[in-house]
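In the text below, chain A, chain B and the rest are named by the order of the sequence lines, each starting its count at 1.
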Number of protein chains: 2
Amino acid sequence: MYSDGMSTSERLIEATRELLWERGYVGTSPKAIQQRAGAGQGSMYHHFTGKPDLALAAIRRTAADLRAAAEAAFAGDGTAYERIAAYLLRERDVLRGCPVGRLTMDPEIIADDELRAPVDETLDWLRGRLAGIVQEGLDQGEFAAHVVPGEIASAVVATVQGGYVLARATGSPEAFDAGVRGLLSLLSPRPPGPAEPAPPSFFHATAPLQLPPHTRE
Amino acid sequence: MYSDGMSTSERLIEATRELLWERGYVGTSPKAIQQRAGAGQGSMYHHFTGKPDLALAAIRRTAADLRAAAEAAFAGDGTAYERIAAYLLRERDVLRGCPVGRLTMDPEIIADDELRAPVDETLDWLRGRLAGIVQEGLDQGEFAAHVVPGEIASAVVATVQGGYVLARATGSPEAFDAGVRGLLSLLSPRPPGPAEPAPPSFFHATAPLQLPPHTRE
DNA sequence: GTCTATAACTCGATAGAC
DNA sequence: GTCTATCGAGTTATAGAC
């Protein structure tokens, strides 16, 4: 229940964002939104034409947030591998799932092109951004020459989205982390280890990111 | 709506399975189940104590089916890589999503340990089975020595689960296939291509499965 | 802008006739 | 075993007072 300096319509959008994340579209009722926002029926229907309209505003904002968070991970100046690793290892509320990806399991989101569009565009942007980084890595000789940027990008995003599924099934973020580590170990220019010989100077290899013992869990 | 030789309780379970797959637990009402099963309120509450009880029966059956389908892909006598590829490339109703995995996004499934248990156990079994196959591949020198079986297994299952997310977001199975191809290209003992030199006889490498232009899509 | 009132319906379940 | 009737609560809104 919000009581801050937010306007009523702001509070309605924020409450909807939370509930869509927690319970999905089908599982979220206008009444629940109003209660969490501290607003009456009339307020909601004054500012929005109905549940789909409000959900659209909420989804667009959540999509923009996710994009910004991903961009922050990509924006570093490391190697392609390091930037992909930074994205995969960025802090996440693993057990809450992906606020955008989870919407794809909602029948009424998928059935409504207007509600599905921001979800589609966000994941599409993410794959495109990752594909570009993989291409840079290929140009630098960081990855095996036969890999296809768009395919690696899809595998990266899928590993994240599927990692949420595994984590929620087990009730622990462990499986998410395991999947990410597995993918990174396959993507890594060379295996980790202290007994590593120095790479020849003509080879553009870089040390893989050390996996931090992160705080989550 | 079923009218076959199925008993009423069978029809209720099958109808529930379909609806859980299409709409999830929160999105599935007893009334919808009864209508699809062609049964009245009284029948449902005679055979089952309520919605959770019926859902549990449906989920257990769906979990058993998924396990059997996966086992069929694993049971082949190819290399570890080939059996993992067979699992990843097996026919799927990609746009319908995973009937087990999708349940993890349902707040009421996750909140109820009895309903979550079969989901958890199924995905856990799947990861364990895959980890065993990766270990076999390691023993045969099929994979890079530094990979960790449990991590690769998690990445494989996550890629599938996340592939469903991408496919449903775009409305096409293409992104699912791309992710799977990407993961296989990273896992592949050596890059594909006709100009491949024959491996030295002491090396256990095997040709990667040709990706079939499969019928889905 | 926000509130309450009301509508027509569905929710998950129980009771009891047949 | 299956049916209909009924329950109290919740759903998605509209209407209209303030």
Side-chain angles (χ1 to χ4, degrees), chain A residues 1-59 103 106-112 114-115, chain B residues 1-59 103 106-116:
Chain A
M1 169 60 127
Y2 297 103
S3 44
D4 336 356
M6 279 188 215
S7 70
T8 300
S9 104
E10 278 299 306
R11 294 200 315 274
L12 285 164
I13 291 175
E14 290 303 314
T16 304
R17 295 221 292 156
E18 290 180 6
L19 284 164
L20 286 181
W21 196 356
E22 291 168 22
R23 305 191 44 85
Y25 184 84
V26 163
T28 296
S29 71
K31 177 173 243 180
I33 294 170
Q34 293 150 23
Q35 284 173 342
R36 191 169 297 209
Q41 295 259 94
S43 293
M44 181 183 135
Y45 287 101
H46 172 74
H47 292 287
F48 302 94
T49 66
K51 177 176 163 178
D53 185 39
L54 178 47
L56 186 58
I59 292 172
L103 300 174
D106 218 297
E108 300 188 12
I109 300 270
I110 294 303
D112 183 331
E114 252 195 308
L115 292 176
Chain B
M1 171 55 131
Y2 296 102
S3 43
D4 335 356
M6 278 189 216
S7 69
T8 299
S9 102
E10 277 300 306
R11 292 198 318 272
L12 284 164
I13 292 176
E14 289 304 313
T16 304
R17 295 220 291 156
E18 289 180 5
L19 284 164
L20 286 180
W21 196 355
E22 290 168 23
R23 304 189 45 85
Y25 184 83
V26 163
T28 295
S29 71
K31 176 176 245 181
I33 294 170
Q34 292 150 24
Q35 284 173 342
R36 192 169 296 209
Q41 294 260 94
S43 292
M44 182 184 133
Y45 286 101
H46 172 74
H47 292 287
F48 301 94
T49 66
K51 178 176 160 177
D53 185 39
L54 178 47
L56 186 57
I59 292 171
L103 300 173
D106 217 300
E108 300 189 12
I109 299 270
I110 295 303
D112 182 331
D113 280 342
E114 252 195 309
L115 292 176
R116 187 174 57 85

Side-chain N or O of [X] closer than 4.0 Å to phosphate OP1/OP2 of [N]:
X	N	value
His46(B)	dC3(D)	no
Ser29(A)	dG10(D)	no
Lys51(A)	dT12(D)	yes
Thr8(B)	dG1(D)	no
Ser43(A)	dC3(C)	yes

Problem - His47(A) side chain, from C-beta outward: closest of dA13(D), dC11(C), dG1(C) - result: dG1(C)
Return the value, rounded to whole Å, for the distance between atom [atom1] of [X] and atom [atom2] of [N].
X	N	atom1	atom2	answer
Ile33(A)	dG10(D)	CD1	C1'	14 Å
Gln34(A)	dT2(C)	CD	C1'	12 Å
Asp53(A)	dT12(D)	CG	P	15 Å
Gln35(B)	dC3(D)	CD	P	13 Å
Leu19(B)	dC11(C)	CG	P	11 Å
Tyr45(B)	dT4(D)	OH	P	16 Å
Glu10(A)	dG1(C)	CD	C1'	16 Å
Met44(B)	dC11(C)	CE	P	12 Å

Practice task
Name the nucleic acid region contacted by Gly40(A), choosing base, sugar-phosphate or nothing; use a 4.0 angstrom heavy-atom cut-off, strictly under.
Solution key: sugar-phosphate
Handout entry: Atom pair OG/CE of Ser9(A) and Met44(A) - distance to nearest 0.5 Å
Key = 12.5 Å
Problem - Lys51(A) NZ/CZ over Tyr45(A) ring centroid, <6.0 Å and within 45° of normal - result: no
Practice task
Among Ile13(A), Leu19(A), Leu20(A), find the residue that satisfies the side chain to side chain contact (heavy atoms under 4.5 Å, CB included) test when tested with Arg17(A).
Solution key: Ile13(A)
Handout entry: Residues Arg23(A), Glu108(B): salt bridge by 4.0 Å N-O rule
Key = yes
Problem - First of Ser9(B) and Val26(A) reached from the 5' end of DNA chain D, by closest nucleotide - result: Ser9(B)
Practice task
Check for a donor-acceptor pair, side chain of Thr16(A) on one end and backbone N or O of Leu12(A) on the other, with a separation under 3.5 Å.
Solution key: yes
